[in-house]
Amino acid sequence: MARSDFRVVADVAVEDILLDVQNARIRAGADQNDCIRRILRKKDHFLAICESIAKEGLTTMPILATPNGGGTYTVKDGNRRTTALKLLNNPEICPDPELKEKVIKISETYNNFPTHVDLTVTDNEQAMIREVLSRHQGEMAGVGQVGWSAYLRTLYLLNHGHPAEYKRPGQYALWAESHGIFVDDEFPITSLQRFFTTDNLKLLGFDVDAADELVPNLPEPTVLQMGTKVVGDFGSGKSVNEVFTPDQARHYIDQVRASAGIPPSTPPNPPAPATTSAPAAGGTPGPATAPSSSAPANTGGTTSHSPAPSPTTSSRPASTPATSAADRKKVFGSRAPGIAIPSTGHPKEQTIVAELRGLDVSQFPLAATMLTRALIELSDLHYRTKNGLEDQQCLANNIKKSIKHMVENGKISASEEDMVKRLCNRSGAMIEIETLQKMIHRNTHNLDRQFINTLWDNIGCFIRACWA
């Protein structure tokens with residue numbers, strides 16, 4: 001990593017600088033607009049860096065880029081700063097209306113941001129990789145460079161053809177990201193290294209090809225459905241201790257396969273409890289070994305000898321966050337909600353989820369209530385449209401129609417069906433869809449943090465099923 005490998009290109013117009021669709025924070029960016037939307041996931045950090053740039057100008061840390069030819073460059077380090085410059089110079093490209101107003105206020109208040117910047121450029125890919133990896137060490141509340149988690153570092157290495165310590169879980173999560181399944185930055189990739197063995201991956205729908213890459217061995221919709229459950233479960237707090245031994249791992253995989261209508265890989269015996277606790281992230285594995293490659297594995301579809309499972313197995317993680325509804329400040333709690341909204345084609349739904357994740361319900365109960373209501377309605381509309389279900393002219397009745405279809409197609413469990421149906425009945429109960437409508441439209445119904453949190457705890461399973 002020699003300074004002589006780099007050169008400075010002065011006064012490059014901000015609009016001629018492209019965001020990197022494979023940047024670790026952006027992951028599988030579809031285009032430049034999608035890159036911006038992905039950068040905006042962490043709103044507080046983004047507003048902090050916008051204000052810092054607008055008030056004090058850019059830091060002395062160079063923006064690293066590679067030339068594309070024709071006068072344009074792709075950022076390899078500095079995608080957040082470049083996004084901030086793009087929005088400060090042209091707030092209209094911000095996909096989030098609320099955030100756009102805040103960016104406009106920052107730009108008008110300070111107005112100290114450049115329209116052209118100097119770039120530090122190289123054609124030497126290896127020099128660029130070494131420089132980028134050396135940079136990510138401190139966050140400073142979002143103003144400095146935000147440190148990479150093990151997952152982000154693994155993605156960067158994989159995307160640039162370098163060996164990665166946590167390659168298999170990284171490959172699995174990256175495939176999920178590239179197919180519309182959101183994976184949180186803090187996805188526990190280090191703890192799951194022992195779970196993603198070649199045998200387990202085969203049962204989850206992947207073979208390892210000659211190039212050491214994962215390739216689906218089942219129809220893509222089936223693999224996506226299983227991936228949504230796996231990513232949702234572990235992204236929402238499922239403990240690695242639950243899949244620590246080979247028997248536990250195989251038992252869980254059978255649950256995942258059942259959620260997608262695939263026969264189990266082993267007889268339905270319950271797993272033996274682990275005798276050795278799982279290591280901490282990055283620790284040394286205990287004595288438990290991976291499943292043997294000689295274990296029976298049926299990766300095909302349902303046969304006449306192996307009937308499809310009854311619709312009593314949920315394909316989504318448990319909907320109740322660890323913190324109680326009364327004590328929670330955020331609707332989804334501290335973890336990702338596990339809603340597999342595609343990365344393209346649904347910007348409004350993506351924005352709603354992103355805003356709900358950052359919203360303090362105790363301070364903004366009306367906003368949380370209205371966003372939750374919008375998420376329920378749009379999710380149900382997506383499901384009914386995808387499955388050709390008629391509009392019942394009433395949100396509660398629409399949900400009943402969708403629930404009936406989900407049960408008939410094994411997409412939701414019997415207990416989840418009962419729970420969501422109760423929300424749709426006009427029984428006078430506090431927690432139901434009718435109460436949600438009154439909370440928004442009537443002054444007689446006071447907004448309450450516990451109500452909206454409890455509603456989510458009960459209806460979250462339905463929202464996930466709408467997008468599964």
Side-chain angles (χ1 to χ4, degrees), residues 1-27 29 31-43 45-91 93-94 103 106-107 110-148 152-153 155-157 159-160 185:
M1 183 175 62
R3 185 176 293 272
S4 59
D5 290 320
F6 295 83
R7 65 185 186 278
V8 175
V9 179
D11 293 326
V12 179
V14 170
E15 59 264 30
D16 290 333
I17 307 172
L18 305 181
L19 302 175
D20 183 7
V21 296
Q22 289 189 326
N23 176 264
R25 297 190 205 286
I26 293 171
R27 271 92 92 176
D31 52 31
Q32 291 297 294
N33 290 334
D34 190 39
C35 289
I36 291 173
R37 182 183 60 75
R38 288 167 178 263
I39 287 287
L40 299 185
R41 284 171 175 166
K42 295 193 174 183
K43 294 183 181 180
H45 280 187
F46 183 75
L47 288 172
I49 198 169
C50 273
E51 183 169 350
S52 175
I53 291 173
K55 184 178 181 179
E56 302 169 359
L58 283 169
T59 67
T60 58
M61 178 73 75
I63 294 176
L64 304 182
T66 55
N68 300 320
T72 67
Y73 299 82
T74 296
V75 179
K76 294 301 179 180
D77 191 79
N79 280 270
R80 292 193 315 130
R81 284 172 286 162
T82 302
T83 303
L85 286 170
K86 285 178 178 291
L87 267 60
L88 286 168
N89 279 283
N90 184 13
I93 66 174
C94 179
V103 172
I106 291 172
S107 66
Y110 300 107
N111 196 25
N112 190 37
F113 48 89
T115 60
H116 292 66
V117 296
D118 296 345
L119 299 178
T120 298
V121 174
T122 184
D123 297 301
N124 185 329
E125 183 181 7
Q126 298 308 312
M128 180 68 78
I129 291 172
R130 291 193 297 270
E131 175 65 17
V132 170
L133 286 173
S134 71
R135 283 191 171 196
H136 294 268
Q137 300 182 38
E139 296 189 7
M140 297 185 293
V143 176
Q145 286 198 308
V146 179
W148 282 353
L152 299 187
R153 179 181 174 86
L155 290 185
Y156 184 85
L157 291 170
N159 279 333
H160 290 84
D185 287 1

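- Judged purely by atom type and a 3.5 angstrom limit, Asn89 uses its side chain to pair as donor or acceptor with the backbone of Leu85.
- For Tyr73, there are no side chain to side chain donor-acceptor pair (under 3.5 Å) partners two or more places apart in sequence or in a different chain.
- Inter-residue side-chain proximity for Ile26 and Ile39 is flagged as met; some heavy-atom pair is nearer than 4.5 Å.
- The side-chain heavy atoms of Phe46 and Leu87, taken from C-beta on, include a pair separated by under 4.5 Å.
- Here the closest non-hydrogen pair linking Asp16 and Gly71 is CB-O, 3.7 Å.
- Distance check: Ile53 CD1 to Ser107 OG gives 12.5 Å after rounding to the nearest 0.5 Å.
- Lys86 is linked by a salt bridge (charged side-chain N to carboxylate O under 4.0 Å, His left out) to nothing, counting only residues two or more places apart in sequence or in another chain.
- Remark: Arg37 engages Asp34 in a salt bridge (charged side-chain N to carboxylate O under 4.0 Å, His left out) (not counting sequence neighbours).
- Annotation: side chain to side chain donor-acceptor pair (under 3.5 Å) contacts of Gln22 (sequence neighbours excluded): none.
- For residues 52-76, every residue pair satisfying the salt bridge (charged side-chain N to carboxylate O under 4.0 Å, His left out) rule, not counting sequence neighbours, is listed here: Asp20-Lys76.
- Separating the CG atom in Asp5 from the CD atom in Gln126 is a distance of 10.5 Å, to the nearest 0.5 Å.
- Applying the side chain to side chain donor-acceptor pair (under 3.5 Å) rule to Thr74 yields the partners Asn68; only residues at least two apart in sequence or on another chain are considered.
- Note that CG of Leu18 and OG1 of Thr82 are 10.0 Å apart. Values are rounded to the nearest 0.5 Å.
- Of the options Arg41, Arg38, Arg80, Lys42, a side-chain contact (heavy atoms from CB on, under 4.5 Å) to Arg25 is made by Arg80 and by none of the others.
- Residues Leu58 and Val117 form a side-chain contact, since some pair of their non-hydrogen atoms from C-beta on lies under 4.5 Å apart.
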Start with the C-alpha distance between Asn23 and Leu19, add both sets of side-chain angles, then the distance that settles side chain to side chain contact (heavy atoms under 4.5 Å, CB included), and finish with yes or no. CA-CA 8 Å; Asn23 176 264; Leu19 302 175; over 6 Å; no

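- With sequence neighbours excluded, no residue forms a side chain to side chain donor-acceptor pair (under 3.5 Å) with Glu15.
- Checking each of Thr83, Asn79, Asp77 against Arg81 for a side-chain contact (heavy atoms from CB on, under 4.5 Å) leaves exactly one that passes, namely Asp77.
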Evaluate the side chain to side chain contact (heavy atoms under 4.5 Å, CB included) criterion for residues Val8 and Val121: first the C-alpha distance (whole Å), next the side-chain angles of each, then the deciding distance (0.1 Å), finally the verdict. CA-CA 6 Å; Val8 175; Val121 174; over 6 Å; no

Evaluate Met128 against His160 for side chain to side chain contact (heavy atoms under 4.5 Å, CB included), listing each step before the verdict. CA-CA 10 Å; Met128 180 68 78; His160 290 84; over 6 Å; no

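- Contact record, Gly78 with Val75: C-CG1, 3.5 Å, taken as the closest heavy-atom pair.
- In this structure the side chain of Val9 never reaches within 4.5 angstrom of the side chain of Thr120, judged on heavy atoms.
- For the pair Cys35/Val21, a side-chain contact is recorded, criterion being any heavy-atom separation below 4.5 Å from C-beta on.
- Evaluation of the salt bridge (charged side-chain N to carboxylate O under 4.0 Å, His left out) test over residues 112-129, restricted to residues two or more places apart or in two chains, returns Arg7-Asp123.
- For the atom pair CD1 of Ile36 and CD of Gln32, the computed distance is 7.0 Å after rounding to the nearest 0.5 Å.
- A donor-acceptor pair is defined here as one N or O able to donate and one able to accept, closer than 3.5 Å; no such pair exists between the side chain of Thr72 and the backbone of Ile17.
- Checked against side-chain contact (heavy atoms from CB on, under 4.5 Å), Ala54 has the following partners two or more places apart in sequence or in another chain: Leu88, Ile106, Tyr110, Phe113.
- With sequence neighbours excluded, no residue satisfies ring pair (Phe, Tyr, Trp, His ring centres under 6.0 Å) with His116.
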